[in-house]
2 protein chains.
Amino acid sequence: MKVTIREVAKQAGVAPSTVSRVIANSSRISSKTKARVRETMEALGYHPNFNARNLVNNRTNMLGVIIPGASEVAFQNPFFPEVLRGITTKAYTAGYGLALSTGQTDEDIFNEVKQMVQSCRVDGIILLSSKIDDQIIPYLLEQQFPFVLVGRPDNIATKNITYVNNDNVKAAKLVTEYLLLLGHEAIGFIGGQQEAIVTVDHAAGYEQALHNAAIPMNRDYSVYYQEVLEGGQQAVIELMSLEKPPTALIVADDLMALGVLRMLDEMQVSVPEDISVISFNNVMLSELSSPPLTTVDIHIYELGQKATDALVEKIQTPDIEAKTIIVPHRLIKRQSCKKLDHLAPSK
Amino acid sequence: MKVTIREVAKQAGVAPSTVSRVIANSSRISSKTKARVRETMEALGYHPNFNARNLVNNRTNMLGVIIPGASEVAFQNPFFPEVLRGITTKAYTAGYGLALSTGQTDEDIFNEVKQMVQSCRVDGIILLSSKIDDQIIPYLLEQQFPFVLVGRPDNIATKNITYVNNDNVKAAKLVTEYLLLLGHEAIGFIGGQQEAIVTVDHAAGYEQALHNAAIPMNRDYSVYYQEVLEGGQQAVIELMSLEKPPTALIVADDLMALGVLRMLDEMQVSVPEDISVISFNNVMLSELSSPPLTTVDIHIYELGQKATDALVEKIQTPDIEAKTIIVPHRLIKRQSCKKLDHLAPSK
DNA sequence: GTGAAAGCGCTAACAT
DNA sequence: ATGTTAGCGCTTTCAC
């Protein structure tokens with residue numbers, strides 16, 4: 001059936017070990033033999049058996065990519081395809097294949113990770129965003145298995161974790177300060193799922209900015225929704241029915257912001273005239289909404305690339321020390337925010 | 001380092017083969033031994049070595065997923081994450097892992113496919129959408145390697161290809177007829193990349209409908225763009241600057257339609273009052289645009305699921321004959337289409 | 001510079 | 001019902 005190293009050897013009149021050395025391009029094989037062997041490999045259509053190599057080398061040249069929570073849900077958000085793009089390009093150039101997690105529940109996924117690790121399916125793992133009380137990270141640490149995290153660990157103090165993240169606290173602070181500068185004080189905060197670390201960080205940045213501006217926190221102004229699209233819509237209902245509704249909204253994610261815009265539109269509240277909206281991620285679609293969204297570009301693609309680079313490095317240099325890579329963010333001003341009216345010159 | 005089958009055997013006082021049989025849950029092992037062996041496996045933290053198994057079994061329990069063209073570009077479109085979701089769930093329940101292609105150029109990808117096949121990296125392959133003159137399919141056929149195609153083969157007559165598709169001709173016809181019913185005759189067609197089979201089918205359906213309605217084709221009304229977002233925008237410029245611009249637009253994809261809406265908005269052309277827009281896919285976002293898009297739901301998620309089911313079946317029953325699975329489509333009427341004014345009762 | 005042989009961890013005859 | 005043994009296809013000492 002499949003052509004093996006022995007047949008190549010026989011055909012080329014050398015020993016199997018020689019063929020193996022040719023594959024590895026060993027320096028102690030005469031270029032003449034190399035040429036001859038390569039020729040027969042070509043002629044016979046030889047391809048090394050991946051599993052046999054893996055078995056003896058204890059390597060797979062595969063990277064595991066763990067999509068958190070339900071990939072079911074995750075894939076609804078352009079964040080994941082976008083990191084995947086970044087991962088993909090770097091994995092390709094580094095010569096690694098990608099194995100995707102398929103589990104839907106946290107438990108399934110944890111089992112998959114164990115599988116990948118224990119059964120030598122992958123050489124390293126990329127964890128896409130972490131949640132509070134995650135059990136995967138401690139496990140990987142204990143196993144001393146190479147991995148990188150996109151996002152940050154629950155407890156920053158935890159040593160030996162290489163992660164690639166944005167400074168989400170600062171980004172949220174920036175966004176809040178921007179709205180404050182525009183004269184808004186009643187600023188609503190629509191966060192993503194509460195267990196997500198990014199949500200925690202966003203909330204922290206938001207609070208810091210308000211605190212620095214000496215604006216008292218209004219608990220009613222902070223709401224959290226897991227569902228991206230419906231979440232945005234429900235959040236608007238919740239916030240806009242307050243006695244004193246906010247004049248500006250910080251939204252966890254562009255997609256969620258689209259839901260927000262939609263609901264606002266239905267309520268005949270116009271953006272940015274009646275209310276300002278700002279969000280995070282700068283997903284491709286954010287410039288296509290009406291109005292185009294003011295948002296924070298977090299360079300998702302780069303997160304994926306940097307994570308992959310770091311992982312490959314870690315695999316190839318096991319003793320390398322853990323790194324923290326912070327990808328910068330950037331405020332993209334478009335048309336969804338406006339100075340609060342009573343501050344406008346016309347007043 | 002890792003604990004092997006021998007150690008479990010020794011520890012449990014049995015032969016390695018017995019342990020192997022316990023793993024396979026062979027019926028000819030006493031339940032007493034099974035229990036004992038399982039216990040020691042647990043105690044020692046044994047996990048079977050994936051590569052060793054693969055080597056002897058010639059299976060990998062992995063499915064290759066080939067993202068066409070540049071995954072770079074592909075991932076910008078929600079279509080791929082969405083099929084992936086479908087694939088993911090079914091792969092998980094069937095006990096298969098997923099290996100993603102990472103190549104960016106057609107050539108890279110073709111090499112990856114060859115790798116996957118020749119080096120026994122995967123048991124089967126899912127091809128996500130096909131192009132004209134694709135070289136992968138002939139190769140896979142020649143190798144007699146299990147694969148399914150999402151989309152349809154270039155030449156339907158080609159035998160032995162299992163594929164999962166929509167009836168895109170019919171869908172495009174439906175859409176055109178719907179617009180005709182609304183009184184539109186000047187109907188623009190904004191297609192995706194011309195080499196994509198889906199584009200060819202869409203164009204065919206569009207032409208059929210016009211033909212049946214005895215409306216002469218206006219060549220200027222058909223334009224093709226590869227880029228999803230900018231493509232939509234450019235297409236609008238091209239079509240709207242015609243002497244007699246269309247009163248309705250058929251757009252290859254929801255995302256592209258968002259680009260179309262955006263540009264129309266900039267031109268102060270209002271949808272659906274001034275022009276009707278209809279598209280394909282019913283991606284989650286399509287109901288969030290303003291106005292919400294009338295579109296054809298092609299059940300992308302189901303395409304992924306069905307494809308995976310078919311592939312798994314094919315792997316497990318190699319001699320099964322090729323199937324064609326057509327996933328039904330459905331017109332989702334929202335607010336982007338309207339009766340042409342001169343037909344309205346007020347006229 | 002090249003060959004012979006052992007072994008990676010597992011499974012599947014073939015014994016018993 | 002369980003043990004023995006021979007490989008799967010490759011790499012890698014160790015000889016020469």
Side-chain angles (χ1 to χ4, degrees), chain A residues 1-41 44-62 95 115-123, chain B residues 1-41 44-62 95 115-123:
Chain A
M1 196 193 78
K2 290 266 186 264
V3 28
T4 79
I5 216 173
R6 305 192 92 84
E7 305 176 42
V8 177
K10 199 172 294 173
Q11 199 64 225
V14 293
S17 49
T18 304
V19 179
S20 174
R21 284 191 265 257
V22 171
I23 296 172
N25 201 13
S26 159
S27 54
R28 353 180 273 182
I29 297 287
S30 74
S31 43
K32 236 172 85 182
T33 326
K34 273 188 191 172
R36 188 155 39 91
V37 171
R38 292 223 170 91
E39 227 166 77
T40 31
M41 291 200 322
L44 298 182
Y46 170 78
H47 282 262
N49 183 310
F50 187 69
N51 294 304
R53 299 188 83 169
N54 290 169
L55 178 57
V56 22
N57 291 330
N58 258 311
R59 288 189 295 91
T60 60
N61 277 308
M62 280 274 173
Q115 269 269 332
M116 288 187 175
V117 173
Q118 311 261 18
S119 303
C120 306
R121 286 168 102 107
V122 299
D123 295 343
Chain B
M1 197 194 78
K2 291 265 186 266
V3 28
T4 79
I5 216 171
R6 305 192 93 83
E7 306 176 41
V8 177
K10 198 173 295 173
Q11 199 61 227
V14 295
S17 50
T18 303
V19 179
S20 175
R21 282 190 266 255
V22 171
I23 296 171
N25 201 15
S26 160
S27 54
R28 354 181 274 181
I29 298 286
S30 74
S31 42
K32 235 170 88 180
T33 328
K34 272 188 190 170
R36 187 153 41 91
V37 171
R38 292 225 171 87
E39 227 165 76
T40 30
M41 292 200 323
L44 299 181
Y46 169 78
H47 282 261
N49 183 310
F50 187 69
N51 294 304
R53 300 187 82 170
N54 290 168
L55 178 56
V56 29
N57 290 330
N58 258 312
R59 288 188 294 91
T60 61
N61 278 307
M62 281 274 174
Q115 269 268 334
M116 287 187 175
V117 174
Q118 312 260 18
S119 301
C120 308
R121 287 168 99 107
V122 298
D123 295 343

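Per chain, numbering begins at 1; letters A, B, ... match sequence-line order. Side-chain atoms are counted along with the backbone in the values below, which use heavy atoms only and exclude waters and symmetry mates.
- At C:dT11, one or more side-chain N or O atoms of B:Ser20 fall inside 4.0 Å of OP1 or OP2 (strictly under the cut-off).
- Distance, A:Asn51 CG to D:dC10 C1': 11 Å, rounded to whole Å.
- Computed from C1' positions of five pairs at each end, the angle between the two local axes of the helix from C:dG1-D:dC16 to C:dT16-D:dA1 equals 40°, rounded to 10 degrees.
- Residues meeting the side chain to side chain donor-acceptor pair (under 3.5 Å) test with B:Arg53, sequence neighbours left out: none.
- Side-chain atoms of B:Ser17 and base atoms of D:dT4 include a donor and an acceptor less than 3.5 Å apart.
- The local environment of CD in A:Gln11 is sparse, with at most 12 non-hydrogen atoms from other residues, nucleotides or ligands closer than 6.0 Å.
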Atom pairs and distances, side-chain donor-acceptor, residues 24-33 of chain A, under 3.5 Å, sequence neighbours left out:
residue	atom	partner	partner atom	Å
A:Asn25	OD1	A:Lys34	NZ	2.9
A:Asn25	OD1	A:Arg38	NH2	3.3
A:Ser26	OG	A:Arg28	N	3.2
A:Ser30	OG	A:Thr33	N	3.1
A:Ser30	OG	A:Thr33	OG1	2.4

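- Per the geometry, CG belonging to A:Asn25 stands 14 Å off P belonging to D:dT12, to the nearest Å.
- One atom, CD1 of A:Ile5, and another, C1' of D:dT12, lie 12 Å apart when rounded to the nearest Å.
- A:Arg53 has its CZ atom 18 Å from the P atom of C:dG9, to the nearest Å.
- No donor-acceptor contact under 3.5 angstrom links the side chains of A:Thr60 and A:Asn54, judged on distance only.
- The shortest distance between side-chain heavy atoms of B:Ile5 and B:Ser20 falls below 4.5 Å.
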